[in-house]
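Everything below concerns the one structure shown next.
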Amino acid sequence: MKHPDLTDDVIGPLRYDERLDWYGGEWRDEAGSVEFSLNLDDDEGVEPALARARQVLKALAGYTNGAKEYAVSRLLGLKNESWVSEDEQCVTPDEFKGRMTLQSIVFEADGEVTFYHHDGDLFGGHSIEIGMDGNDVFFHADIPG
């Protein structure tokens, strides 16, 4: 089913990607820009994910900081125990957060949000993936491919 491209008053233009069956856009603010996607709900279309995107993107700095704090709580030990080379010092929490760079965000119709970060070579180029539920509770941290 073909979906029209949209323009939202808060987050701007959204382009439908037929191949991935989602809407995509780019958020720009004083901190920079980040790509995002909105997954569709079978019954309600893009609106649930769009509403969640508006909420999160308007307060992105706070959410990004929360995601980084959660990443530190879940992944810093892994970094310092298994991903430190012989000539490298253990990474501090501030260094860990400083090396993470937000790359993209995925918004689900059920309110879940996934933040993808460049790892700043903390984990050999793997992404750092942080999941947050619809109640703003972080629940998942991983380093996928």
Side-chain angles (χ1 to χ4, degrees), residues 3-42 44-85 88-145:
H3 296 275
D5 292 344
L6 305 171
T7 299
D8 182 75
D9 291 342
V10 175
I11 61 177
L14 302 166
R15 181 166 302 277
Y16 180 71
D17 186 325
E18 231 175 304
R19 186 175 50 87
L20 298 172
D21 191 30
W22 69 19
Y23 279 93
E26 184 175 11
W27 176 255
R28 292 184 180 94
D29 62 16
E30 62 280 349
S33 65
V34 64
E35 295 179 3
F36 65 89
S37 60
L38 309 170
N39 284 326
L40 303 173
D41 179 79
D42 290 339
E44 299 179 59
V46 71
E47 189 53 43
L50 181 57
R52 183 67 164 141
R54 287 182 196 119
Q55 174 192 6
V56 171
L57 292 172
K58 288 192 300 186
L60 186 58
Y63 284 104
T64 301
N65 189 51
K68 288 181 176 186
E69 290 289 338
Y70 188 77
V72 165
S73 75
R74 295 295 188 188
L75 300 174
L76 180 62
L78 175 66
K79 164 61 182 170
N80 286 333
E81 292 167 17
S82 304
W83 287 83
V84 177
S85 63
E88 186 181 15
Q89 297 288 326
C90 284
V91 175
T92 68
D94 286 340
E95 289 170 335
F96 191 100
K97 290 184 291 189
R99 289 168 67 178
M100 291 175 65
T101 306
L102 185 60
Q103 175 186 355
S104 64
I105 308 170
V106 177
F107 297 96
E108 301 292 343
D110 67 0
E112 282 191 13
V113 180
T114 306
F115 300 86
Y116 293 93
H117 297 80
H118 289 292
D119 76 337
D121 205 32
L122 290 164
F123 298 103
H126 290 262
S127 293
I128 297 175
E129 175 186 278
I130 307 298
M132 180 176 71
D133 70 17
N135 295 313
D136 294 347
V137 175
F138 292 99
F139 69 91
H140 170 79
D142 197 8
I143 52 169

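These values consider heavy atoms only, across backbone and side chains, with no hydrogens, waters or symmetry-generated copies.
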- Item | Which atom of Arg15 lies closest to which atom of Asp5, heavy atoms considered | NH1-OD2, 2.8 Å

- Item | Salt-bridge present (Glu47, Arg54; N to O < 4.0 Å) | yes

- Query: Checking Asn80 side chain against Val91 main chain: does a donor-acceptor pair fall under 3.5 Å?
  - Reply: yes

- Where the side chain of Asn135 meets the backbone of Val137, is there a donor-acceptor pair that is under 3.5 Å apart? no

- Nearest-0.5 Å distance, CG of residue Leu14 to NE2 of residue His3: 13.0 Å

- Item | Where Ile130 and Ala71 come nearest, the two heavy atoms and their spacing | CD1-CB, 3.6 Å

- Any Pro93 side-chain heavy atom under 4.5 Å of Leu76 side chain: yes

- Item | Candidate pair Phe36 and Ile11, rule side chain to side chain contact (heavy atoms under 4.5 Å, CB included), full reasoning | CA-CA 10 Å; Phe36 65 89; Ile11 61 177; 3.9 Å; yes

- Approximate separation, where rounding is to 0.5 Å, of Leu38 CG and Tyr16 OH: 12.0 Å

- Query: Between CG of Leu57 and CG of Leu50, what distance do you get to the nearest 0.5 Å?
  - Reply: 9.5 Å

- Message: Test side chain to side chain contact (heavy atoms under 4.5 Å, CB included) on Tyr63 and Gln55; report intermediate values, then the result.
- Response: CA-CA 10 Å; Tyr63 284 104; Gln55 174 192 6; 3.4 Å; yes

- Aromatic contact, Trp83 with Phe123 (centres under 6.0 Å): yes

- Task: Check Val106, Ile128, Val56 against Phe115 for a side-chain contact (heavy atoms from CB on, under 4.5 Å) and give me the one that passes.
- Result: Val56

- Is there side-chain contact between Phe138 and Glu69, with at least one heavy-atom pair below 4.5 Å? no

- Contact summary for Glu26 and Ser33, nearest pair of heavy atoms: OE2-OG, 3.0 Å

- Residues Asn39 and Tyr23: side-chain donor-acceptor under 3.5 angstrom: no

- Task: Quick one: pull up NE2 in His117 and CG in Leu102 and give me the separation to the nearest 0.5 Å.
- Result: 4.5 Å

- Flag, side chain of Thr64 to backbone of Ala61, donor-acceptor distance under 3.5 Å: no

- Task: Could you point out which residue of Lys79, Met100, Lys97 forms a side-chain contact (heavy atoms from CB on, under 4.5 Å) with Val72?
- Result: Lys97

- Query: Would you say Glu35 has more than 12 foreign heavy atoms packed within less than 6.0 Å of its CD?
  - Reply: no

- Message: Please check if the number of heavy atoms outside Arg74 that lie under 6.0 Å from its CZ is greater than 12.
- Response: no

- Looking at NE2 of His126 and CG of Leu75, how far apart are the two atoms once the value is rounded to the nearest 0.5 Å? 12.0 Å

- Side-chain ion pair, Arg52 and Asp136, N-O less than 4.0 Å: yes

- Query: What heavy-atom pair brings Asp121 and Arg99 nearest, and what distance separates the two atoms?
  - Reply: O-NH2, 3.4 Å

- Message: To the nearest 0.5 Å, what is the distance between CG on Leu122 and CG on Leu78?
- Response: 10.5 Å

- Heavy atoms of Ala109 and Pro48 approach each other most closely as O-CB, 3.3 Å

